Amino acid sequence: MNWVLLLAVVAGVTTLIAVIATIFAVTRGVRHASASDELDLVQKSAEAVDRRMFETLNAVPVALVETDRSGKFVFANRAAHQLLGRRDAELLGLRFHSATWGVTYPDGRPVPADLLPSARALRGQTVKGFQHLMANPATRRKMLVSVTAMPIENALGEVTGSIAALVETEGLSTPEPAPQIEAPAPDPVLELTRRVFEAAPGALVIVGADGVVRQANPVAQALLAEPVSPAGGDFAELFLDEAARGAGRQALHLARVSPEAEIAPVTSNGVAWSILPLANADGVIDALLLSGEAASEAAEAPAETPDIAPDTASLDAALAEAAAAHQAREADLAAQRDQAMAAAQAARQEAETARQAAREAEVRAEADLAGGRRMENVGRLTGGLAHDFNALLAVMTGALDMMLRQADDPARVRRLGQAALAAGQRGEALTRRLSAFAQGDDDTPSLQILDAAVLLKAMESRLRALAGPGVDLMIEAPSEPALARLDPVAFEGAVKALTLNAIEAVGGAGSVAVRLESLLEGGLRLSVRDSGPGMDREIAARALEPFFTTKPGAAGLGLPQAYAFARQSGGNLSIDSGPGEGAEVAVTLPDAPRPSDAETRAA
């Protein structure tokens, strides 16, 4: 075998393979660089499209919100922030919670959580034009909105979220009241003329130039056969018999065209009607006044009055008698005036005595009421303290029992002893609070400047365990410090009592929102809203009374305990509720200065 030839062939083949590999590597490198550049271009184009899409959605004047599969907001445009009253950082991660935005039907009935448009869209339904009332949390303004919601599906047809458009309608806009046009004041001359016309002892009728009745006084209306208004009817047809109608119409015509002529009265049905033409400001006859009187009286001629010589003696006697009567009347009036003044003086003294007695009774009533309020407030606080103290005693007795059972384990005994000691110290604080409150000292040493947001967040797990799986519980607290001067034990007791009341109100199947927010004017507002049946005015007025309850088996101390906490902290408690509208109980706390470094180190 020619090994030289074989090695030469192998070397040639190896060289050829190396050349081919080099060419392949260069070609692949160029293609890889080209693919990387194309990928970068695609990513930049996608980012530009996303940015353009975000800017476009923000410019849309309709509120658009997108949720994920769990119902939490993942996107909201600028119009949605304005409509829902939340900034982007506050809105994202929340749910379209009926308790937070006060969602109700237009008639005031609460909307169940599973019937909200976003919840229905997450079940694959398309909702169009669903109208409901909602409240802007920032302005507390109620709005009527129309919501259209659709599900968002992936390539496999699975629902991955929802998108909804909210449009405020004009259904709640209050129309401007129409301007009230004041009627012109009646002309006193015309009013007097009307009164004289109505009170005339004889029948008076005013007719137009065409013989149609314009107005008739009560005496003339009494002459009609039927009790109807004669206005608009023909005078001859209404007031004259058939035989006299022709003569009556001729007399009316003659009086209109010849007002200076003497026209004989028209007699019909025993009434003689005299005619008097009435001219307007231009001197044109446009109406006629007809005066009716009994025909027998009209036919009689007036008798001449004989001349009677004046009797001076009789006149003097009459004048003297009139003067004497006047003096007697003056004396009688003076006596009556004196009697009235004496009676008025006596009544004034009696009223002053009664006013003084009423003032003294009012002072006594205020003192009694103050004492009653003190006992009432003590009762409110005592109820909450009894519940908390019972829990502390349970911790202490349980710890001591475990210590006796684990006496051979020093470490466990130490831990149990520390727990019992902490419970005992909290019990001491509770008794100090009760003693100070009963003595009228609301400014107890237990009040501290604390961050209420931290306290509320620390209670979240316990509140959710209290609510159970059937209640849609939402807890919101500001991310920045929310400082208030309060008793932490009383704060936890008030929050727990209000939340428990709300959970019981929804019957374990509804929505409850616990929210702590900082007010623009200063201070904090702790509110608990539920979607329950609400309260009418009478129940809301008595809700703060100790031991008052509408639920069988309840103690009726939840709201009184919260009211005692608000009063002790220098705040106030308010209830906003109505039948079928749910209820919101809010505790407003005054603003507190930031703690000094010394207080911070002591804490």
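Side chains are part of it too, since the values below use all heavy atoms of this structure and drop only hydrogens, waters and symmetry mates. This structure is a prediction, so every number in the text was calculated from the model and none was measured.
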Peer 1: What are the two closest non-hydrogen atoms of Thr267 and Ala244, and how far apart are they?
Peer 2: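 Where Thr267 meets Ala244 most closely, the heavy atoms are O-CB, 3.8 Å.
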Peer 1: Working note: Leu252 + Leu290, criterion side chain to side chain contact (heavy atoms under 4.5 Å, CB included); need CA distance, chi angles, decisive distance, verdict.
Peer 2: CA-CA 9 Å; Leu252 294 176; Leu290 292 98; 3.8 Å; yes
Peer 1: Treating Asp591 as the side-chain partner and Ser518 as the backbone partner, does any N or O pair qualify as donor plus acceptor under 3.5 Å?
Peer 2: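 No, Asp591 side chain to Ser518 backbone: no donor-acceptor pair under 3.5 Å.
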Peer 1: So which heavy atom on Ala63 is nearest to which on Ala80, and how close?
Peer 2: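 For Ala63 and Ala80, the tightest heavy-atom pair comes out as CB-CA, 3.5 Å.
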Peer 1: Side-chain donor-acceptor pair under 3.5 Å between Ser162 and Thr67, yes or no?
Peer 2: yes
Peer 1: To check you understand the geometry: which heavy-atom pair defines the closest contact between Ile575 and Leu573, and what is its length?
Peer 2: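 Looking at all heavy atoms of both residues, the shortest contact is CG1-CD2, 4.0 Å.
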Peer 1: Checking Glu350 now: which residues fulfil side chain to side chain contact (heavy atoms under 4.5 Å, CB included) with it, not counting sequence neighbours?
Peer 2: none
Peer 1: Within this structure, what is the CG-CG distance for the pair Leu589 and Leu524, rounded to the nearest 0.5 Å?
Peer 2: 6.0 Å
Peer 1: Is it the case that the side chain of Asn77 and the backbone of Leu64 share a donor-acceptor pair, with hydrogens and angles ignored and the cut-off at 3.5 Å?
Peer 2: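 Flag set: sc Asn77 to bb Leu64 pair under 3.5 Å.
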Peer 1: Look at the side chain of Ser291 and the backbone N and O of Leu204, then say whether any donor-acceptor pair between them is shorter than 3.5 Å.
Peer 2: no
Peer 1: Got a sec, which residues hit side chain to side chain contact (heavy atoms under 4.5 Å, CB included) with Ala203, two or more places apart in sequence or on another chain?
Peer 2: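 Once residues adjacent in sequence are excluded, the partners of Ala203 under the side chain to side chain contact (heavy atoms under 4.5 Å, CB included) criterion are Val219, Ala220, Leu223, Trp273.
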Peer 1: So, does Ser531 use its side chain to make a donor-acceptor pair with the main chain of Gly510 at under 3.5 Å?
Peer 2: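 Answer holds: no.
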Peer 1: Hey, what do you get for CD1 (Ile152) to CG (Leu122), rounding to the nearest 0.5 Å?
Peer 2: 9.0 Å
Peer 1: Would you compute the distance between atom CD of Glu504 and atom CG of Asp530 and round it to the nearest 0.5 angstrom?
Peer 2: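 So the gap between those two atoms works out to 11.0 Å.
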Peer 1: How long is the gap from CG on Asp286 to CG on Asp210, to the nearest 0.5 Å?
Peer 2: 11.0 Å
Peer 1: Rounded to the nearest 0.5 Å, how far apart are CD of Gln215 and CG of Leu289?
Peer 2: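 CG of Leu289 is found 10.5 Å from CD of Gln215.
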Peer 1: Among Met474, Glu584, Arg515, which residue meets the side chain to side chain contact (heavy atoms under 4.5 Å, CB included) test with Arg529?
Peer 2: Glu584
Peer 1: Measure across Leu133 and Pro106 and return the closest heavy-atom pair with its distance rounded to 0.1 Å.
Peer 2: CD1-O, 3.8 Å
Peer 1: Determine, step by step, whether Val528 and Asn501 satisfy the side chain to side chain contact (heavy atoms under 4.5 Å, CB included) criterion, reporting the C-alpha distance in whole Å, the side-chain angles of both residues, the deciding distance to 0.1 Å, and the verdict.
Peer 2: CA-CA 9 Å; Val528 179; Asn501 275 5; over 6 Å; no
Peer 1: Compare every heavy atom of Ala583 with every heavy atom of Ser577, then report the nearest pair and how far apart it is.
Peer 2: OG-CB, 3.6 Å
Peer 1: What pair of heavy atoms forms the shortest contact from Pro151 to Gln125, and how long is it?
Peer 2: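 So the two residues come closest at CD-O, 3.3 Å.
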Peer 1: What distance separates Leu254 CG from Ile275 CD1, expressed to the nearest 0.5 Å?
Peer 2: 8.5 Å
Peer 1: Would you mind listing every salt bridge (charged side-chain N to carboxylate O under 4.0 Å, His left out) that reaches into residues 240-250, with sequence neighbours excluded?
Peer 2: Asp234-Arg249, Glu237-Arg245, Glu237-Arg249
Peer 1: Just by modelled atom types, is the Ala216 backbone N or O under 3.5 Å from a matching donor or acceptor in the Gln221 side chain?
Peer 2: yes
